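Shown next, in structure tokens, is the structure this report addresses.
All heavy atoms count here, side chains included; hydrogens, waters and symmetry mates do not. No experiment lies behind these values; they were computed from the predicted model shown.
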Amino acid sequence: MPTSSASTTDASSKTPAASGGVQSLERAFDLLERMADAGGEVGLSELSAASGLPLPTIHRLMRTLVACGYVRQQPNRRYSLGPRLIRLGESASRLLGTWARPYLARLVEETGETANMALLDGDEIVYVAQVPSKHSMRMFTEVGRRVLPHSTGVGKALLAHTPADEVRALLARTGMPAATEKTITTPEGFLDALEQVRKVGYAVDDNEQEIGVRCLAVSVPNSPTAAAISISGPAGRVTEAVAESFVPILQGVAAELSVALANQSPS
């Protein structure tokens, strides 16, 4: 694994212990991300195969993460992400939503409909920000609400470029309950919908989460965590005809938000 820029500077400017500390920190974060990618629970041998690190190194890092509360060792000796990460994740999500609000406000001004931002958190979609429409008839989605991906536009946008086997595994874990009579309830149907997202560049929730509501969604490119933005409103206003004008607006705002989020990260 490549070392950070801090660890590749002139060795004379720092002690070996400091350099090792930087590398250990980098490796620990990499292991946490690999655990998240694997669904939150893994064995040491899986981590070793995925990361290329030797088992003794991984075991030492995991002991430290367990001691800090960021990882738990299960009775079956596998490791899972720990509860202390929840507080960090919730704070980060709130901050991400705060950064996104000015961009969502622009979406409302330009489309007239409610704008949302959502993240993929494990197997679920969580809404982290919303700016409501100024119409008297408008859509509200509570910030913090969690829904399953198969019935939402943002879920389709977020999973559109995920390998099919991973999508199938997610759907097997969550099930595909019908929120309405129009909800997609088969893996093949959902994979077909994802193919359509890749083809046209945006996702649609057509009365699939709530009857009478349509949603248009796009992913935020190169977001530090998988994110999507959407506009939602009554089906009579968010029609196929207005999608032609709304989608370019969504895509433009998503691109600008991507740049803004990248600029929040240290160089």
Side-chain angles (χ1 to χ4, degrees), residues 29 33 36-37 88-133 139 141-163 166-167 170 190 193-205 208-209 214-233 238 242-267:
F29 278 117
E33 291 191 3
D37 290 341
L88 299 181
E90 289 176 344
S91 297
S93 294
R94 286 194 297 270
L95 187 56
L96 190 61
T98 299
W99 288 335
R101 279 187 62 82
Y103 298 88
L104 299 183
R106 274 189 43 216
L107 276 178
V108 175
E109 288 297 323
E110 296 191 37
T111 68
E113 303 298 344
T114 296
N116 313 281
M117 182 179 190
L119 309 179
L120 182 63
D121 184 20
D123 291 343
E124 297 178 317
I125 299 298
V126 57
Y127 289 92
V128 296
Q130 181 181 87
V131 175
S133 166
M139 303 301 107
T141 297
E142 182 182 359
V143 172
R145 181 187 180 197
R146 291 174 174 271
V147 295
L148 297 181
H150 73 282
S151 61
T152 64
V154 286
K156 294 173 188 172
L158 286 165
L159 292 175
H161 296 283
T162 301
E166 294 182 22
V167 173
L170 182 152
F190 190 65
L194 297 187
E195 174 61 30
Q196 181 66 11
V197 175
R198 291 191 293 272
K199 180 179 178 181
V200 301
Y202 67 97
V204 180
D205 162 9
E208 296 162 52
Q209 179 66 30
R214 288 187 95 242
C215 169
L216 306 174
V218 300
S219 61
V220 179
N222 303 313
S223 175
T225 188
I229 58 174
S230 68
I231 59 102
S232 57
V238 184
V242 302
E244 293 183 9
S245 58
F246 283 3
V247 168
I249 296 171
L250 269 167
Q251 292 170 332
V253 171
E256 292 180 19
L257 179 55
S258 173
V259 172
L261 293 177
N263 289 340
Q264 298 290 343
S265 303
S267 59

Using modelled atom types only, decide if a donor and an acceptor are shared between the side chain of [X] and the backbone of [Y] within a distance under 3.5 Å.
X	Y	answer
S219	L158	no
T162	V167	no
K156	V204	yes
S258	S223	no

* Give the intermediate values and the outcome of side-chain contact (heavy atoms from CB on, under 4.5 Å) for residues I125 and L120. => CA-CA 5 Å; I125 299 298; L120 182 63; 3.8 Å; yes

Tell me the closest heavy-atom pair linking [X] and [Y], and the distance in Å.
X	Y	answer
A203	A157	CB-N, 3.7 Å
A129	L104	CB-CD1, 3.7 Å
Q251	G201	NE2-O, 3.3 Å
A243	Y202	CB-OH, 4.2 Å
A254	V218	CB-CG2, 3.8 Å
V108	P132	CG1-O, 3.7 Å

With a 4.5 Å limit on heavy-atom distance, are the side chains of [X] and [Y] in contact?
X	Y	result
N116	V154	no
L216	V238	yes
V131	R101	yes
Q130	R145	no
F246	E110	no

Enter the distance from [X]:[atom1] to [Y]:[atom2] here, rounded to the nearest 0.5 Å.
X	Y	atom1	atom2	value
Y103	E256	OH	CD	6.5 Å
D123	H150	CG	NE2	12.5 Å
T111	I249	OG1	CD1	6.5 Å
R146	D121	CZ	CG	4.0 Å

* Asked: Are R198 and E195 within salt-bridge range, i.e. N to O under 4.0 Å?
  ->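 The answer is yes: the pair qualifies as a salt bridge.
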
* Show your reasoning for whether side-chain contact (heavy atoms from CB on, under 4.5 Å) applies to E113 and V242. => CA-CA 11 Å; E113 303 298 344; V242 302; over 6 Å; no

* Candidate pair T152 and Q209, rule side chain to side chain donor-acceptor pair (under 3.5 Å), full reasoning -> CA-CA 6 Å; T152 64; Q209 179 66 30; 6.0 Å; no

